[in-house]
Amino acid sequence: MEGKSSFKLFIEIFSTFFKIGCFTFGGGYAMIPLIEKEVIDKKQWVKAKEIIDIFAVSQSIPGAIAINSATFIGYKIAGRKGAYAATIGVVLPSFITITLIAAFFVKFQENAVVKAAFMGIRPAVVALILMAVVKVGKTSVKDRIGFSVTVLTVILVIMLNVHAICAIIGGAVLGLIIYKMFPDKARQIIEKEGAGK
(Lines give C-alpha, C1' and ligand atoms only; values in the text may rest on other atoms or scores of the structure.)
Protein backbone atom coordinates (compact mmCIF):
# COMPACT_ATOMS: atom_id res chain seq x y z
CA MET A 1 0.00 0.00 0.00
CA GLU A 2 1.61 3.24 -1.12
CA GLY A 3 0.62 6.87 -1.52
CA LYS A 4 -3.03 7.70 -1.99
CA SER A 5 -4.36 4.14 -1.56
CA SER A 6 -2.50 3.87 1.74
CA PHE A 7 -3.90 7.22 2.90
CA LYS A 8 -7.42 6.13 1.90
CA LEU A 9 -7.05 2.96 3.97
CA PHE A 10 -5.96 4.95 7.05
CA ILE A 11 -8.95 7.27 6.60
CA GLU A 12 -11.23 4.23 6.25
CA ILE A 13 -9.80 2.65 9.42
CA PHE A 14 -10.16 5.95 11.30
CA SER A 15 -13.73 6.59 10.10
CA THR A 16 -14.84 3.01 10.84
CA PHE A 17 -13.62 3.14 14.42
CA PHE A 18 -14.82 6.72 14.84
CA LYS A 19 -18.30 5.49 13.89
CA ILE A 20 -18.02 2.63 16.39
CA GLY A 21 -16.95 5.11 19.06
CA CYS A 22 -19.84 7.46 18.22
CA PHE A 23 -22.61 4.89 18.49
CA THR A 24 -21.55 2.95 21.55
CA PHE A 25 -22.90 3.61 25.02
CA GLY A 26 -21.98 1.57 28.07
CA GLY A 27 -18.26 1.00 27.69
CA GLY A 28 -16.00 -1.39 25.85
CA TYR A 29 -18.11 -4.54 26.06
CA ALA A 30 -21.04 -2.78 24.42
CA MET A 31 -18.72 -2.01 21.47
CA ILE A 32 -18.03 -5.68 20.75
CA PRO A 33 -21.13 -6.30 18.56
CA LEU A 34 -20.44 -3.11 16.59
CA ILE A 35 -16.76 -3.97 16.13
CA GLU A 36 -17.76 -7.43 14.88
CA LYS A 37 -20.35 -6.02 12.48
CA GLU A 38 -17.95 -3.46 11.01
CA VAL A 39 -14.65 -5.35 10.80
CA ILE A 40 -16.01 -8.85 10.05
CA ASP A 41 -19.32 -8.45 8.21
CA LYS A 42 -18.86 -5.13 6.39
CA LYS A 43 -15.12 -4.63 5.87
CA GLN A 44 -13.99 -8.27 6.16
CA TRP A 45 -10.70 -7.12 7.70
CA VAL A 46 -10.62 -10.05 10.13
CA LYS A 47 -12.31 -13.45 10.34
CA ALA A 48 -14.90 -14.37 12.95
CA LYS A 49 -12.52 -16.79 14.62
CA GLU A 50 -9.71 -14.24 14.80
CA ILE A 51 -11.86 -11.66 16.56
CA ILE A 52 -12.29 -13.96 19.57
CA ASP A 53 -8.52 -14.18 19.98
CA ILE A 54 -8.24 -10.40 19.60
CA PHE A 55 -10.88 -9.86 22.31
CA ALA A 56 -9.14 -12.39 24.59
CA VAL A 57 -5.75 -10.67 24.23
CA SER A 58 -7.35 -7.22 24.58
CA GLN A 59 -9.05 -8.25 27.82
CA SER A 60 -5.85 -9.76 29.19
CA ILE A 61 -3.76 -6.59 29.02
CA PRO A 62 -4.18 -3.19 30.74
CA GLY A 63 -6.64 -0.79 29.18
CA ALA A 64 -10.19 -0.79 27.87
CA ILE A 65 -11.09 -3.79 25.72
CA ALA A 66 -12.54 -1.61 22.93
CA ILE A 67 -9.43 0.57 22.64
CA ASN A 68 -7.09 -2.43 22.85
CA SER A 69 -9.14 -4.27 20.22
CA ALA A 70 -9.17 -1.26 17.91
CA THR A 71 -5.40 -0.89 18.23
CA PHE A 72 -4.86 -4.60 17.59
CA ILE A 73 -7.17 -4.67 14.55
CA GLY A 74 -5.69 -1.46 13.13
CA TYR A 75 -2.19 -2.91 13.46
CA LYS A 76 -3.30 -6.14 11.76
CA ILE A 77 -4.76 -4.21 8.83
CA ALA A 78 -2.06 -1.57 8.25
CA GLY A 79 0.75 -1.85 10.77
CA ARG A 80 1.66 0.87 13.26
CA LYS A 81 -0.08 3.69 11.36
CA GLY A 82 -3.23 1.59 11.14
CA ALA A 83 -3.07 1.06 14.92
CA TYR A 84 -2.80 4.84 15.44
CA ALA A 85 -5.72 5.51 13.06
CA ALA A 86 -7.97 2.93 14.74
CA THR A 87 -7.07 4.01 18.28
CA ILE A 88 -7.57 7.72 17.62
CA GLY A 89 -10.81 6.96 15.78
CA VAL A 90 -12.33 4.94 18.60
CA VAL A 91 -11.17 7.30 21.37
CA LEU A 92 -12.01 10.67 19.78
CA PRO A 93 -15.84 10.48 20.07
CA SER A 94 -15.58 9.68 23.79
CA PHE A 95 -13.04 12.46 24.31
CA ILE A 96 -15.29 15.01 22.60
CA THR A 97 -18.44 13.76 24.35
CA ILE A 98 -16.95 13.62 27.84
CA THR A 99 -15.51 17.12 27.41
CA LEU A 100 -18.97 18.43 26.53
CA ILE A 101 -20.61 16.45 29.33
CA ALA A 102 -18.08 17.74 31.85
CA ALA A 103 -18.98 21.27 30.79
CA PHE A 104 -22.79 20.88 30.77
CA PHE A 105 -23.88 17.72 32.61
CA VAL A 106 -23.82 19.22 36.09
CA LYS A 107 -26.46 21.70 34.96
CA PHE A 108 -28.71 19.12 33.32
CA GLN A 109 -28.25 15.86 35.27
CA GLU A 110 -31.46 16.40 37.22
CA ASN A 111 -33.41 17.29 34.07
CA ALA A 112 -36.38 14.96 33.53
CA VAL A 113 -35.63 14.59 29.79
CA VAL A 114 -32.01 13.60 30.46
CA LYS A 115 -33.12 11.08 33.11
CA ALA A 116 -35.72 9.63 30.71
CA ALA A 117 -33.11 9.25 27.95
CA PHE A 118 -30.73 7.37 30.26
CA MET A 119 -33.61 5.19 31.46
CA GLY A 120 -33.87 3.93 27.86
CA ILE A 121 -30.13 3.82 27.15
CA ARG A 122 -29.24 1.50 30.06
CA PRO A 123 -31.41 -1.49 28.97
CA ALA A 124 -30.19 -1.04 25.37
CA VAL A 125 -26.60 -1.32 26.60
CA VAL A 126 -27.44 -4.52 28.46
CA ALA A 127 -28.90 -5.95 25.23
CA LEU A 128 -25.70 -5.10 23.31
CA ILE A 129 -23.56 -6.81 25.93
CA LEU A 130 -25.80 -9.90 25.88
CA MET A 131 -25.52 -10.02 22.07
CA ALA A 132 -21.73 -9.98 22.42
CA VAL A 133 -21.86 -12.78 24.99
CA VAL A 134 -24.02 -14.98 22.73
CA LYS A 135 -21.86 -14.38 19.62
CA VAL A 136 -18.56 -14.94 21.41
CA GLY A 137 -19.99 -17.97 23.21
CA LYS A 138 -21.14 -19.64 19.97
CA THR A 139 -17.67 -19.24 18.48
CA SER A 140 -15.61 -20.14 21.55
CA VAL A 141 -17.52 -22.85 23.44
CA LYS A 142 -17.63 -25.93 21.22
CA ASP A 143 -17.07 -28.87 23.58
CA ARG A 144 -17.49 -30.00 27.19
CA ILE A 145 -14.10 -28.64 28.22
CA GLY A 146 -14.93 -25.18 26.89
CA PHE A 147 -18.35 -25.27 28.56
CA SER A 148 -16.81 -26.39 31.88
CA VAL A 149 -14.21 -23.59 31.76
CA THR A 150 -16.99 -21.07 31.01
CA VAL A 151 -19.15 -22.20 33.94
CA LEU A 152 -16.16 -22.35 36.31
CA THR A 153 -15.05 -18.86 35.28
CA VAL A 154 -18.54 -17.44 35.87
CA ILE A 155 -18.60 -18.99 39.36
CA LEU A 156 -15.11 -17.72 40.20
CA VAL A 157 -15.68 -14.17 38.94
CA ILE A 158 -19.29 -13.57 40.02
CA MET A 159 -19.66 -15.64 43.17
CA LEU A 160 -16.12 -15.70 44.55
CA ASN A 161 -15.00 -12.27 43.29
CA VAL A 162 -11.88 -13.62 41.58
CA HIS A 163 -10.34 -10.89 39.39
CA ALA A 164 -11.03 -11.30 35.66
CA ILE A 165 -7.29 -11.24 34.85
CA CYS A 166 -6.71 -14.17 37.24
CA ALA A 167 -9.56 -16.07 35.56
CA ILE A 168 -8.04 -15.48 32.10
CA ILE A 169 -4.58 -16.54 33.27
CA GLY A 170 -6.16 -19.59 34.91
CA GLY A 171 -7.85 -20.45 31.60
CA ALA A 172 -4.53 -20.19 29.78
CA VAL A 173 -2.83 -22.42 32.37
CA LEU A 174 -5.65 -24.95 32.09
CA GLY A 175 -5.29 -24.95 28.31
CA LEU A 176 -1.55 -25.64 28.63
CA ILE A 177 -2.19 -28.45 31.14
CA ILE A 178 -4.70 -30.07 28.76
CA TYR A 179 -2.20 -29.67 25.93
CA LYS A 180 0.53 -31.42 27.96
CA MET A 181 -1.55 -34.12 29.66
CA PHE A 182 -4.06 -34.88 26.89
CA PRO A 183 -2.27 -34.03 23.63
CA ASP A 184 -4.73 -35.97 21.45
CA LYS A 185 -7.72 -34.11 22.91
CA ALA A 186 -5.90 -30.79 22.58
CA ARG A 187 -5.07 -31.57 18.96
CA GLN A 188 -8.74 -32.35 18.21
CA ILE A 189 -9.84 -29.03 19.71
CA ILE A 190 -7.16 -27.07 17.83
CA GLU A 191 -7.99 -28.80 14.55
CA LYS A 192 -11.71 -28.12 15.07
CA GLU A 193 -10.94 -24.44 15.68
CA GLY A 194 -8.70 -24.32 12.62
CA ALA A 195 -11.47 -25.78 10.48
CA GLY A 196 -13.84 -23.07 11.70
CA LYS A 197 -11.61 -20.22 10.49
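Fair warning: this is a prediction, and the values are worked out from it, not measured in the lab.
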Could you walk me through whether F17 and T87 satisfy the side chain to side chain contact (heavy atoms under 4.5 Å, CB included) test, starting with their C-alpha distance in whole Å, then the side-chain angles of each, then the deciding distance to 0.1 Å, before giving a yes or no? CA-CA 8 Å; F17 281 97; T87 304; over 6 Å; no
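- In terms of hydrophobic clustering, with Ile, Leu, Val, Met, Phe, Trp and Tyr side chains grouped at heavy-atom distances under 4.5 Å, V90 and L9 are assigned to a common cluster.
- Closest of all the heavy-atom pairs between C166 and V162 is CB-CG1, 3.8 Å.
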Which is it for F14 and L92 under the side chain to side chain contact (heavy atoms under 4.5 Å, CB included) test, yes or no, and what are the steps along the way? CA-CA 10 Å; F14 172 83; L92 196 56; 4.0 Å; yes
| field | Candidate pair F72 and V57, rule side chain to side chain contact (heavy atoms under 4.5 Å, CB included), full reasoning | value | CA-CA 9 Å; F72 200 120; V57 171; 3.8 Å; yes
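- Under a hydrophobic-cluster definition in which Ile, Leu, Val, Met, Phe, Trp and Tyr are linked whenever side-chain heavy atoms come within less than 4.5 Å, directly or via other members, I54 and Y84 are assigned to different clusters.
- When every heavy atom of A167 is checked against every heavy atom of V157, the shortest pair comes out as CB-CG2, 3.9 Å.
- If you chain together hydrophobic residues whose side chains sit under 4.5 Å apart, M159 and F147 fall into the same group.
- Here the CD1 atom belonging to I11 is positioned 11.0 Å from the NZ atom belonging to K8, to the nearest 0.5 angstrom.
- For residues 32-46, the side-chain hydrogen bond (donor to acceptor under 3.5 Å, both in side chains) pairs, not counting sequence neighbours, are E12-K43, K19-E38, E38-K42.
- Atoms CG and CD1, on L156 and I158 in that order, are 10.5 Å from each other to the nearest 0.5 Å.
- V113 and I121 fall into different hydrophobic clusters, where Ile, Leu, Val, Met, Phe, Trp and Tyr are joined by side-chain heavy atoms under 4.5 Å apart, directly or via other members.
- A single hydrophobic cluster is not seen to contain both L174 and I168; linkage of ILVMFWY side chains at heavy-atom distances under 4.5 Å, directly or through other members, places them apart.
- Between S69 and F55, the shortest heavy-atom contact is OG-CD2, 3.4 Å.
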Q.
side chain to side chain contact (heavy atoms under 4.5 Å, CB included) for I88 and F18? Distances and angles first, verdict last.
A. CA-CA 8 Å; I88 293 167; F18 186 85; over 6 Å; no
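- Within the model, atoms OG of S15 and CD1 of I20 stand 9.5 Å from one another, a figure rounded to the nearest 0.5 Å.
- With values rounded to the nearest 0.5 angstrom, T16 atom OG1 is found 11.5 Å from I35 atom CD1.
- What you find for G89 and P93 is that their closest heavy atoms are O-CD, 3.0 Å.
- When all heavy atoms are compared, the tightest approach of T71 to A83 is O-CB, 3.5 Å.
- The structure places CD1 of I169 at 10.0 Å from NE2 of H163, a figure rounded to the nearest 0.5 Å.
- I73 is listed as a side-chain neighbour of I51, based on a closest heavy-atom distance under 4.5 Å.
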